[in-house]
Amino acid sequence: MLIHTPKDWALRESAATPETIYRNRRAFLKTLGLAGTAFAARDLLGATGGFPTKVNAAFRDPALKPTAYDHITSYNNFYEFGTSKEEPVVLANRGWKSEPWTVELAGLINAPQKLDVNDLVAKMGGVEQRVYRHRCVEAWSMVVPWDGFPLAKLVALADPKPEAKFLKMTTFLDPKSAPGQRERNLDYPYVEGLRLDEATNELAFIATGIYGKPIPNQNGAPLRLVTPWKYGFKGVKSIVKFEFVAKQPRGTWEVMQAREYGFYANVNPNVDHPRWTQASEKVIGGGLTRQRTLMFNGYEKQVAGLYQGMNLEKNY
Ligand code: MTE
């Protein structure tokens, strides 16, 4: 398979949110009388979206200021729909259908099944909102109010056998609808994996919404992984299959460039990417602001125990 060398996704991001998209959305919100805070937008969007969300206060650090909805939904990495930040918002909304959507639970489990995403959400007991830091390996960051359910609940539904040690998650494959898959800008379908104890950590989350509204196509509709202590590329979008396996799966970026993108992908300011520093990050929506990157992206208390005794320089 022909694999193009990945674009240097290092620090080209000075481009920030494309002005036109940004302005169009602002204009739209203004007509609704919503040019105010992000939370005003969320309230209205939640009310009209038919998407009731309970805020889980245990996962809402008051010190975290959520990034504006406009930025979160127009500055995206979704290579199936282009390699720039601005293409996915257009190309993922041009004929690609994220509804209806079937999800498969498969592999070394007692309850293999295929079910509609809405039935899955119902089985998970609905959705809750959590505000998490979101740190891309490219050294930019946001704060996202995600709606969804804990991945641990999905693992419980699948009921893994003792031999299952890892969870492999796979994105859709539909080259007709996804121009990036036609161009083969990555090795598709996009795959990522977690150790089972990572998958059942309290932070691991499956997002089905943002700001109380169903998740837009460009952010990984109808469901995507969120592991806030890891770099964003772990957060596989538009998942069709959750497969429980005995052997450590190889993620798409690891296959592409193993020296640069490892299985663990834990946010670590002390281990640089071979081509740029990971000690600090650009704050999306924050103008020229850069901030210090935190160990495990600020979630050391919740996840450090998972990696005790491991060499994190080797296991990047
Ligand atoms: N999932 C799929 N299927 N395809 C992708 O290209 N990009 C990853 C991840 N999940 C990607 C993906 C990367 S590199 C990041 S940083 C996040 O999605 C970006 O998520 P966001 O656009 O919601 O910020």
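Atoms within a ligand are numbered from 1 in the order they appear, just like the ligands themselves.
Of the N or O atoms in Asn76, one or more lie within a sub-3.5 Å distance of an N or O in ligand 1. Polar contact check, Trp140 against ligand 1: no nitrogen or oxygen pair lies under 3.5 Å apart. The shortest N/O to N/O separation between Glu80 and ligand 1 falls below 3.5 Å. Where the criterion is an N or O separation shorter than 3.5 Å, residue side chain and backbone included, Ile72 fails it with respect to ligand 1. Considering backbone and side-chain N/O of Asn77, one or more are found under 3.5 Å from N/O of ligand 1. The N/O atoms of Gln218, backbone and side chain alike, include none that comes under 3.5 Å of an N/O atom in ligand 1.
For residues 216-228, every residue pair satisfying the side-chain hydrogen bond (donor to acceptor under 3.5 Å, both in side chains) rule, not counting sequence neighbours, is listed here: Asn93-Asn217, Asn93-Gln218, Ser98-Asn217.
Checking side-chain atoms of Asn315 against main-chain N and O of Tyr264 turns up no donor-acceptor pair under 3.5 Å.
Using the six-membered ring where Trp is involved, Phe296 and Tyr307 have ring planes that are parallel, under 30° apart on the 30 and 60° scheme.
Tyr231 and Trp253 form no side-chain donor-acceptor contact under 3.5 Å, judged by distance and modelled atom types alone. A donor atom on one side chain and an acceptor atom on the other are found under 3.5 Å apart for Asn77 and Lys85.
Residue Arg224 places a heavy atom less than 4.0 Å from ligand 1. Every heavy atom of Glu192 sits 4.0 Å or more from the atoms of ligand 1. Contact annotation: Gly235 has at least one heavy atom less than 4.0 Å from an atom of ligand 1.
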What's the verdict on side chain to side chain contact (heavy atoms under 4.5 Å, CB included) for His273 and Tyr261, showing C-alpha distance, side-chain angles and the deciding distance? CA-CA 8 Å; His273 185 280; Tyr261 311 103; 3.5 Å; yes
Note to self: Would Val240 and Thr102 count as a side chain to side chain contact (heavy atoms under 4.5 Å, CB included) here? Give the steps.
What the structure shows: CA-CA 7 Å; Val240 294; Thr102 303; over 6 Å; no
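Ligand 1 places these atoms under 4.0 Å from at least one heavy atom of Cys136: 16 (S). Each of the atoms 3 (N) of ligand 1 lies under 4.0 Å from some heavy atom of Thr171.
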Under 3.5 Å, side-chain donor or acceptor atoms of residues 104-114 against the rest of the protein: list the pairs with distances, not counting sequence neighbours.
| residue | atom | partner | partner atom | Å |
| --- | --- | --- | --- | --- |
| Asn110 | ND2 | Asp159 | O | 3.3 |
| Asn110 | ND2 | Asp159 | OD2 | 3.3 |
| Gln113 | NE2 | Ala111 | O | 3.0 |

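The residues Lys230 and Glu198 are annotated as salt-bridged, a charged nitrogen and a carboxylate oxygen being separated by less than 4.0 angstrom.
Looking at Phe172, Tyr79, Tyr188, Tyr190, it is Tyr190 that brings a heavy atom closest to atom 8 (C) of ligand 1.
With a 4.0 Å heavy-atom cut-off, ligand 1 is reached by no atom of Lys234.
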